[in-house]
Visitor: 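This is the structure I have questions about; it appears just below.
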Amino acid sequence: MLSYPSGMTVSSRALGVLADALRAHRNQRRTRWRKLPAGRQALLVVAYLRKGETYADLACGFEIGTSTVYRYIREALDLLAALAPTLEQAIEVAKRKAFVILDGTLLRIDRVGMSSGYDRAFYSGKHKAHGVNVQVIADPIGRLVWISPPLPGARHDMGAAREHGIIDALTDHKIQAAADTAYQGAGPTVAVPQRRRRLDPDTGRYRRLSLNQKDVNTAHARRRGPGERVNAELKNWKILRKIRSSPNSADKLIAAVQTLMLANASSGWQRLNGICTLCDRLAACA
């Protein structure tokens, strides 16, 4: 098998976050020797997540066995998932913003059991594909605040947001949010576009929006637009374009990518609550 040098559009800050967590973990376990140092293991894992490389390709490029690649990736995913912020931490960040943008997106999957109709819960009629639903909170300029754990793709955005407690949290803390029409009726703090009026009894057609209502929708779309950047950046991590693992393990994969996305951001260190504390605590246990 041939190998070649390549590049990735990932900041060194994200690589450093993972490498530091791996070193602390190794110190805690008192690991004497590894095939790859922590920095190279971190690079392997970032390549897996960002470029969607297979175990065989990574094994060739890093000159290790495929079973070692698997163990390295599983170990790193556990550490990154543990560093991902909770909803409570995300709300503390959101409280300091003028408003936040709430949106849902579908991450496609290709390993769903078809027996006994198990796959039906993961089939999205809107996207005509199997996947998992994640709720994304972004700030007004399109920076990530939080990504929810995944739910089956057939789940409606509004139901998913309520199940995760997002709607209640926004209402309780009076955080203003901009969302699309899927979140109609989410509460007084969640602004959604104007919808077409009910059917006209005389013509049997929907009544058109007034010019003022159209202007309101245009302004709302401009506020909500930057939130689409987060969804686009999320799917730039090729491992999430079509998740090849079981949907039951997709939560760690998504949480790991979220941690690296926050580290990629300019204020990533502040947003990754507790990462330095965790690394210090792990090192102290050694």
Side-chain angles (χ1 to χ4, degrees), residues 1-84 105 107-112 130-132 134 144 147 149-150 231-265 268 272 275 278-279 282:
M1 187 179 292
L2 300 176
S3 64
Y4 66 96
S6 183
M8 294 179 289
T9 54
V10 179
S11 71
S12 58
R13 182 183 294 114
L15 184 68
V17 167
L18 178 54
D20 289 344
L22 288 170
R23 291 189 189 99
H25 181 66
R26 291 183 181 190
N27 289 336
Q28 181 195 30
R29 298 187 62 184
R30 299 185 179 182
T31 302
R32 293 185 178 182
W33 179 85
R34 289 285 186 96
K35 184 71 174 177
L36 294 180
R40 291 286 288 173
Q41 181 182 351
L43 183 62
L44 181 151
V45 174
V46 172
Y48 170 76
L49 296 174
R50 185 69 174 185
K51 305 193 75 176
E53 302 283 7
T54 63
Y55 294 160
D57 290 343
L58 291 171
C60 174
F62 287 85
E63 299 180 346
I64 56 177
T66 54
S67 59
T68 304
V69 171
Y70 173 82
R71 290 196 303 270
Y72 278 176
I73 290 175
R74 294 304 107 187
E75 178 185 46
L77 290 182
D78 289 340
L79 293 175
L80 289 173
L83 294 175
T105 189
L107 301 177
R108 301 193 178 197
I109 56 178
D110 62 0
R111 287 186 59 187
V112 188
H130 291 86
V132 291
V134 293
L144 175 64
I147 301 175
N231 290 340
E233 173 60 24
L234 180 63
K235 294 175 183 178
N236 277 341
W237 296 81
K238 293 185 180 179
I239 196 66
L240 297 181
R241 289 188 182 178
K242 180 168 281 189
I243 299 174
R244 300 190 298 265
S245 60
S246 167
N248 296 326
S249 61
D251 54 344
K252 285 187 179 180
L253 201 60
I254 294 168
V257 170
Q258 176 180 192
T259 300
L260 294 177
M261 287 178 64
L262 290 173
N264 247 340
L272 283 171
I275 183 170
L278 176 63
C279 291
L282 290 174

Visitor: Should we count NZ of K51 as having more than 12 external heavy atoms under 6.0 Å?
Guide: yes
Visitor: With a 4.5 Å limit on heavy-atom distance, are the side chains of L80 and K252 in contact?
Guide: no
Visitor: If only atom types and distance count, is the side chain of Q258 paired as donor or acceptor with the main-chain N or O of A84 below 3.5 Å?
Guide: no
Visitor: What distance separates R241 CZ from N236 CG, expressed to the nearest 0.5 Å?
Guide: 6.0 Å
Visitor: Give me the atom names and distance for the closest heavy-atom approach of G65 to A59.
Guide: C-CB, 3.9 Å
Visitor: How far does CD of E63 sit from CZ of R40, to the nearest 0.5 angstrom?
Guide: 8.5 Å
Visitor: Does any non-hydrogen side-chain atom of W237 lie less than 4.5 Å from one of L253?
Guide: no
Visitor: Taking the side chain as everything from C-beta on, heavy atoms only, tell me whether E75 gets closer than 4.5 Å to V45.
Guide: no
Visitor: Let me see the working for L44 and I64 under side-chain contact (heavy atoms from CB on, under 4.5 Å), right down to the final yes or no.
Guide: CA-CA 11 Å; L44 181 151; I64 56 177; 3.7 Å; yes
Visitor: So do K235 and L107 actually touch side chain to side chain, heavy atoms under 4.5 Å?
Guide: yes
Visitor: Contact between Y72 and L22 at the side-chain level, heavy atoms closer than 4.5 Å - yes or no?
Guide: no
Visitor: Looking at CD of Q41 and CZ of R26, how far apart are the two atoms once the value is rounded to the nearest 0.5 Å?
Guide: 5.0 Å
Visitor: T9 versus R50: any side-chain heavy-atom pair under 4.5 Å?
Guide: yes
Visitor: A47 and L58: which non-hydrogen atoms are nearest, and at how many Å?
Guide: CB-CD2, 4.1 Å
Visitor: What is the distance from atom CG of L15 to atom CG of D20, rounded to the nearest 0.5 Å?
Guide: 9.5 Å
Visitor: Heavy atoms only: give me the nearest I243-A250 pair and the separation to one decimal.
Guide: CD1-CB, 4.2 Å
Visitor: Nearest 0.5 Å, please: how far is OG1 in T68 from CZ in R34?
Guide: 10.0 Å
Visitor: Can you tell me how far apart CG (L49) and CG (L77) are? Round to the nearest 0.5 Å.
Guide: 6.0 Å
Visitor: Taking the side chain as everything from C-beta on, heavy atoms only, tell me whether Y48 gets closer than 4.5 Å to V69.
Guide: no
Visitor: Tell me the closest heavy-atom pair linking Y55 and I73, and the distance in Å.
Guide: CE2-CD1, 3.5 Å
Visitor: Would you say the side chain of L144 lies within less than 4.5 Å of the side chain of E233, judging by non-hydrogen atoms?
Guide: no
Visitor: Minimum heavy-atom separation for V132 and P247, please, with both atom names.
Guide: CG1-CB, 4.3 Å
Visitor: Is it the case that the side chain of N264 and the backbone of A14 share a donor-acceptor pair, with hydrogens and angles ignored and the cut-off at 3.5 Å?
Guide: no
Visitor: If I compare all heavy atoms of R244 with all of G52, which pair ends up nearest, and what's the gap?
Guide: NH1-O, 3.4 Å
